[in-house]
Trainee: 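This is the structure I want to talk about, given as structure tokens.
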Amino acid sequence: MSARSHTRRHPGAPQDSASVEIQLPWWAIALPAIAFAALLLLILNPAGAHAASGDPVVTHVLERIQETVFRTAP
């Protein structure tokens with residue numbers, strides 16, 4: 001028994017490469033941006049990249065974000 005070949009019923013018009021649309025999920029932009037911001041904070045103050053201490057990490061990170069925002073705000 002022979003298998004039927006699948007053909008397109010409505011072949012699309014050829015598109016040039018400039019008209020191709022690419023849609024990324026939200027996390028494909030958000031995760032690299034967050035990672036970049038975290039690395040940038042470490043580069044700005046390498047003394048802050050020390051081993052774990054008794055300070056709450058979340059509070060320290062929020063303080064660093066606040067300092068960075070206030071420095072870059074007009």
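All residue numbers refer to positions in the sequence shown, counting from 1. Predicted model, so just to flag it, every value in this text is computed and none were measured. The analysis underlying the following values was restricted to heavy atoms, covering all of them including side chains, and did not include hydrogens, waters or symmetry mates.
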Trainee: With sequence neighbours excluded, what pairs up with P32 under the side-chain contact (heavy atoms from CB on, under 4.5 Å) test?
Mentor: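 By the side-chain contact (heavy atoms from CB on, under 4.5 Å) rule, P32 matches no residue at all.
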
Trainee: How would you list, by chain and number, every residue that makes a side-chain contact (heavy atoms from CB on, under 4.5 Å) with W27, sequence neighbours excluded?
Mentor: P25, L31

Trainee: How would you list, by chain and number, every residue that makes a side-chain contact (heavy atoms from CB on, under 4.5 Å) with I29, sequence neighbours excluded?
Mentor: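 Checked I29 against side-chain contact (heavy atoms from CB on, under 4.5 Å); matches are L24.
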
Trainee: Sequence neighbours excluded, which residues qualify as side-chain contact (heavy atoms from CB on, under 4.5 Å) partners of I65?
Mentor: L41, V61, V69

Trainee: How long is the straight-line distance from OG1 of T59 back to CD of Q66, given to the nearest 0.5 Å?
Mentor: 11.5 Å

